[in-house]
Amino acid sequence: MSLIPVPVYQDIDCVMPAAGLSSRMGDWKMMLAYRHHTILDQSIENALSFCSRVILVAGHRGQELLERYRGRANVLVVLNEQFTQGMFASIQVGVAQVNSEHFFIAHGDMPNIGADVFRAMWQLRGESSLFPGDTEHSGHPVLLPSSLALAIIAAPAGSKMKSILNRQTVTYMGLTTPVIHQDVDTPEAYQALINAL
């Protein structure tokens, strides 16, 4: 009897923007306490429970993130000097470092997306962009083929990610788990996150 080998995914990059000012929070949300460490630590830990590498894009207080994750072989910290231009600029900086055939983009302020979400999305990877939610509430992370990387990198400053992705087929999984929509942008959202522990 022959055994079917279980695939081992050795090369899956996850781009994680964490460069913003956290202006709606009134405090630097990435380093707010969560579980036994911080919101950003948890987001990275979750991504690495399935992905082989996190490409962490820093900007605001970027040197602190460089120091915090220095020596982590599976976390590459890259600086976006233009982080005040918005999220897309950070995505461009991160995508420029991608090596894998498919890659995720997951936000640093969404600390409850577990390996099950990454795994379910990975099983449906293809040549289109893949969101976990639906057309009205797409959710995160997003899984992209590397063929889209060049279009993202070459797009003009101020472009919108969804407008680039919508040039081609976009697939939605229809997952209903709340964690794919649970970002932490405000003090109220942070308090709800803590209250749910």
Side-chain angles (χ1 to χ4, degrees), residues 7-22 28-83 86-125 129-132 138-146 148-149 152-153 161 165 177 179-185 193:
V8 178
Y9 305 119
Q10 298 292 340
D11 188 18
I12 309 172
D13 284 334
C14 178
V15 175
M16 187 170 290
L21 293 166
S22 304
W28 191 26
K29 62 185 175 182
M30 297 301 169
M31 289 296 112
L32 290 175
Y34 186 58
R35 297 189 184 275
H36 59 283
H37 40 202
T38 70
I39 286 175
L40 181 57
D41 290 335
Q42 186 66 51
S43 298
I44 291 172
E45 183 178 292
N46 291 347
L48 290 175
S49 67
F50 185 76
C51 302
S52 55
R53 183 173 69 149
V54 166
I55 301 169
L56 182 66
V57 185
H60 175 61
R61 298 175 70 165
Q63 290 299 322
E64 293 177 47
L65 296 186
L66 279 169
E67 288 299 321
R68 186 177 186 87
Y69 300 107
R70 188 183 303 278
R72 289 279 301 271
N74 53 0
V75 179
L76 171 65
V77 182
V78 291
L79 290 177
N80 172 21
E81 302 292 350
Q82 309 300 321
F83 68 91
M87 173 81 72
F88 185 70
S90 291
I91 290 173
Q92 287 181 301
V93 169
V95 169
Q97 300 296 322
V98 166
N99 292 327
S100 53
E101 288 298 316
H102 289 78
F103 63 97
F104 287 94
I105 299 175
H107 296 304
D109 64 351
M110 298 183 73
N112 283 328
I113 298 172
D116 54 336
V117 174
F118 287 97
R119 185 177 298 108
M121 295 182 69
W122 184 258
Q123 290 170 350
L124 295 180
R125 67 193 182 279
S129 54
L130 177 65
F131 284 93
S138 56
H140 283 91
V142 58
L143 178 60
L144 304 175
S146 60
L148 287 173
I152 295 169
I153 296 166
M161 187 69 177
L165 299 185
T177 175
V179 300
I180 64 173
H181 307 294
Q182 188 181 21
D183 59 352
V184 186
D185 278 338
L193 182 75

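This is a predicted model, so every value here is computed, not measured. Position 1 is the first residue of the sequence, and the numbers go up from there.
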Under a 4.5 Å cut-off applied to non-hydrogen side-chain atoms, are N80 and Q92 in contact? no

Check whether any side-chain heavy atom of H140 sits under 4.5 Å from a side-chain heavy atom of D183, and report yes or no. no

Begin from the C-alpha positions of V184 and Y34 and carry the test side-chain contact (heavy atoms from CB on, under 4.5 Å) through to its verdict. CA-CA 11 Å; V184 186; Y34 186 58; over 6 Å; no

Considering residues at least two apart in sequence or located in another chain, which fulfil the salt bridge (charged side-chain N to carboxylate O under 4.0 Å, His left out) criterion with E101? none

Is there side-chain contact between D116 and T177, with heavy atoms separated by less than 4.5 Å? no

Does some side-chain heavy atom of L193 sit less than 4.5 Å from a side-chain heavy atom of I39? yes

Is there a side-chain contact between L144 and L165, using heavy atoms and a 4.5 Å cut-off? yes

Can you name the residues that form a side chain to side chain contact (heavy atoms under 4.5 Å, CB included) with N74, not counting sequence neighbours? L48, R72

Taking salt bridge (charged side-chain N to carboxylate O under 4.0 Å, His left out) as the definition, give me every residue that meets it alongside D185, ordered by chain and number, with sequence neighbours left out. R24, K29

Could you measure the distance from the OG atom of S49 to the CD1 atom of I44? Nearest 0.5 Å is fine. 12.5 Å

So, using salt bridge (charged side-chain N to carboxylate O under 4.0 Å, His left out) as the criterion, who are the partners of D41 when residues are at least two apart? R68

Who pairs with F104 by ring-ring contact (aromatic ring centres under 6.0 Å, His included), at least two apart in sequence or on another chain? F118

For G108, is there any backbone N or O sitting under 3.5 Å from a side-chain donor or acceptor partner on S43? yes

In M87, M16, M161, the residue satisfying side-chain contact (heavy atoms from CB on, under 4.5 Å) with I105 is M161

Identify the two heavy atoms, one from A106 and one from P17, that lie closest to each other, and give their separation to 0.1 Å. O-CD, 3.5 Å

Quick check against the 3.5 Å criterion: does D13 have a side-chain atom that pairs as donor or acceptor with the backbone of N99? yes

What heavy-atom pair brings P145 and S129 nearest, and what distance separates the two atoms? CD-N, 4.3 Å

Min side-chain heavy-atom separation M121-P132 under 4.5 Å: yes

Closest heavy-atom contact between A149 and V95? CB-CG1, 3.6 Å

Take Q63 and L66 through the test side-chain contact (heavy atoms from CB on, under 4.5 Å) and record every step on the way to the result. CA-CA 5 Å; Q63 290 299 322; L66 279 169; 3.6 Å; yes

Hey, mind stepping through H36 and E45 against side-chain contact (heavy atoms from CB on, under 4.5 Å) and telling me if it holds? CA-CA 12 Å; H36 59 283; E45 183 178 292; 3.9 Å; yes

With rounding to the nearest 0.5 Å, note down the distance linking OG in S146 to CZ in F103. 7.5 Å

For the residue pair H102 and I12, establish whether any side-chain heavy-atom pair is separated by less than 4.5 Å. no

Between V179 and I113, which heavy-atom pair has the shortest distance, and what is it? O-CG1, 3.6 Å

So which heavy atom on F83 is nearest to which on A19, and how close? CD1-O, 3.3 Å

Could you work out, with side chain to side chain contact (heavy atoms under 4.5 Å, CB included) as the rule, every residue matching E67, not counting sequence neighbours? R70

Would you check, one step at a time, whether the test side-chain contact (heavy atoms from CB on, under 4.5 Å) holds for E81 with V93? CA-CA 9 Å; E81 302 292 350; V93 169; over 6 Å; no

Which value, rounded to the nearest 0.5 Å, describes the distance between W122 atom CH2 and L130 atom CG? 11.5 Å

